[in-house]
Amino acid sequence: TRETFIENLRDALKNLYNYEYLRTSPLAEIFDIHDRFDSSRALQQILIDSIDTFKPSANEPDQSRVWRIFDSLFCCYVQQLKQQIVADQLSISPRQLRREQRMALEALADFLWNQYNLDAAIATEQPQSDVGVGQFENPELAKELGWVQDLQPANPTSLNDVLTSVLGVTEPICKDKNVSIDNQMSAFLPPLAIHDVVLTQILVNLISAAINRTPEGRITISAERSEWVVDLSVKTPQTGPTPSLAKGANISLATELSKLSSIELNFTESETVAFCANLLLPIREQIPVLLVDDNEDALALFHRYTAGSRYQLISTQDPNDILELVEQAKPKMIILDIMMPETNGWMILGMLKNHPL
C-alpha cells in the first residue's frame, strides 16, 4: 500500500549510508534492483537523485516553500543533519520542520510511485490482516503522529513528576465523575528513556479512559521496576456493566502513541476488573552488552549502531579477556564470534555456559 511504501521510504532514507540495511530494504525489490551486486549503492543513488529533482531553480527566493521542502529532505537525509540544526538554518521551529518533512516525504513518495509505475505493479489489492504488533489500527492517526518516532528524550524522565502533572490535569474530571485515584507508586523509581511529552499524553488518555469506565469508582495506579523496564498499571474494579474496551478515542490514541514510541501496552478485563492497562516503560540506565569479535570493522559497526542507545557496549578482540570482562561488567547479553582464526568459539561458549555468572 502507499502507506507501507512511505514507511519503507522513510526507513531507507534514515539509513541512507547503511549499505547492509539498504541491501535488505523492500525498496530494492520494488525498484527491481535486488538482484544487482551493488543493490545497496544503486538504491542509495536512486533516493539521492530523486531528492535532487526537488531542488528549486536558482531564481527561487531562499525562504520560499519549495526550498523548505527540498532542504527538509536534503539536509535531514542526504547530509544527515540533526533536526534542530536544520530548523535553525531554515529559521523555523523543529515542529514546523517535522511538518515540512512529512509533506516532503509524501511528495517524494508520489514522485517515486509514478516513476516506477507502482499502480500497475500492484495487480490486486491484498486483504487487510488483523492488527498485530507493529501495525496501526488507525493509519491516518499514525501519520498525524509520525513526529513521535523522531522525538528522542533529551533528558531522563521522572515517572513520578509526570504522574503528578497528569493527576493535576485529570482532577476536575475525577471530581465531576466522583472518581478517586489511589496513587501507590514508589518514590524511588528509576528515570525513564521516553519523552515526557509522549508519556504525559499516554497517561492522560489511559486515566481518562479509566474514569469513563468507572463512574463513582476508584482507580489504582501502581508501578514497579522489572529488569530494564518499569511496569506501570492503571486499574479499576468492576462495579457494573461497562462499555467495550475497544471503543473510545482515549484508548486509540494511547495505543498509537505507545506503538510509535516502542512501548508495550496491554489491556485486560475480567469479572472483577473493569479496566486494567499495563505499560512497560524503558528505563534510562544502559544495558551492558559484551561483544567478542576478532574483526575490528565488526566492532566499529556495533559501536556505531549502539551509540546513544540503551546499550552499553563492552568489546574486545581478545577472547582471553572474556572471563575478566564478564566478572567486571556482568553483561545481560554476550555477542560472540564463533569462528575466529586462533580460538575455538564453541569452546568459549561452553565455558561461558558453565560459568557461575
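With sequence neighbours left out, the side chain to side chain contact (heavy atoms under 4.5 Å, CB included) criterion links T53 to F111. In this structure K82 satisfies the salt bridge (charged side-chain N to carboxylate O under 4.0 Å, His left out) test with no other residue, sequence neighbours excluded. Scanning for side chain to side chain contact (heavy atoms under 4.5 Å, CB included) contacts around Q312 gives Q286, P288, I314, with sequence neighbours left out. Under the side chain to side chain contact (heavy atoms under 4.5 Å, CB included) criterion, V273 pairs with K235, S270, C276, sequence neighbours left out. By the salt bridge (charged side-chain N to carboxylate O under 4.0 Å, His left out) test, E324 pairs with no residue at all, sequence neighbours left out. With sequence neighbours excluded, the residues satisfying salt bridge (charged side-chain N to carboxylate O under 4.0 Å, His left out) with E171 are K175. With sequence neighbours left out, the side chain to side chain contact (heavy atoms under 4.5 Å, CB included) criterion links S233 to S222, N278.
Evaluation of the salt bridge (Lys or Arg N to Asp or Glu O under 4.0 Å) test over residues 26-52, restricted to residues two or more places apart or in two chains, returns R36-D38. Residue pairs meeting the ring-ring contact (aromatic ring centres under 6.0 Å, His included) criterion with at least one partner in residues 31-74, sequence neighbours excluded, are F31-Y116, W67-F70, F70-F74. Applying the salt bridge (Lys or Arg N to Asp or Glu O under 4.0 Å) rule to pairs touching residues 287-307 yields nothing, sequence neighbours excluded. Pairs engaging residues 107-116 under the salt bridge (Lys or Arg N to Asp or Glu O under 4.0 Å) rule: R2-D110 [sequence neighbours left out].
D11 CG to L16 CG: the interatomic distance, rounded to the nearest 0.5 Å, is 12.5 Å. Atom CG of L112 and atom CG of N117 lie 13.0 Å apart (nearest 0.5 Å). For the atom pair L105 CG and L13 CG, the distance stands at 6.5 Å (nearest 0.5 Å). Separation of atoms CG (N18) and CD (Q44) is listed at 10.5 Å; rounding is to 0.5 Å. Atom CH2 in W113 sits 12.5 Å away from atom CD in E106 (nearest 0.5 Å).
Side-chain contact between L163 and I207 is present, with at least one heavy-atom pair separated by less than 4.5 Å.
A single hydrophobic cluster is seen to contain both I51 and Y17, as judged by linkage of ILVMFWY side chains at heavy-atom distances under 4.5 Å, directly or through other members.
The local environment of CD in Q328 is crowded, with over 12 non-hydrogen atoms from other residues, nucleotides or ligands closer than 6.0 Å. The neighbour count for Q89 CD, taken as heavy atoms of other residues, nucleotides or ligands under 6.0 Å away, is above 12. When the shell of 6.0 Å around OH of Y21 is examined, it contains more than 12 heavy atoms from other residues, nucleotides or ligands.
Other residues sharing a hydrophobic cluster with V229 under the 4.5 Å side-chain heavy-atom criterion for ILVMFWY residues are L280.
A side-chain donor from one of S57 and N59 sits under 3.5 Å from a side-chain acceptor of the other.
Proximity of a side-chain donor or acceptor of R284 to a complementary backbone N or O of P191 within less than 3.5 Å is not detected. At distances below 3.5 Å, at least one donor-acceptor pair connects side-chain atoms of T236 with backbone N or O atoms of F275. A donor-acceptor distance shorter than 3.5 angstrom exists from the side chain of T255 to the backbone of I251, with no hydrogens or angles considered.
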Exercise. After noting the C-alpha distance and the side-chain angles of E20 and R23, does the key distance pass the salt bridge (Lys or Arg N to Asp or Glu O under 4.0 Å) rule?
Worked result: CA-CA 5 Å; E20 180 59 27; R23 184 181 64 81; 2.5 Å; yes
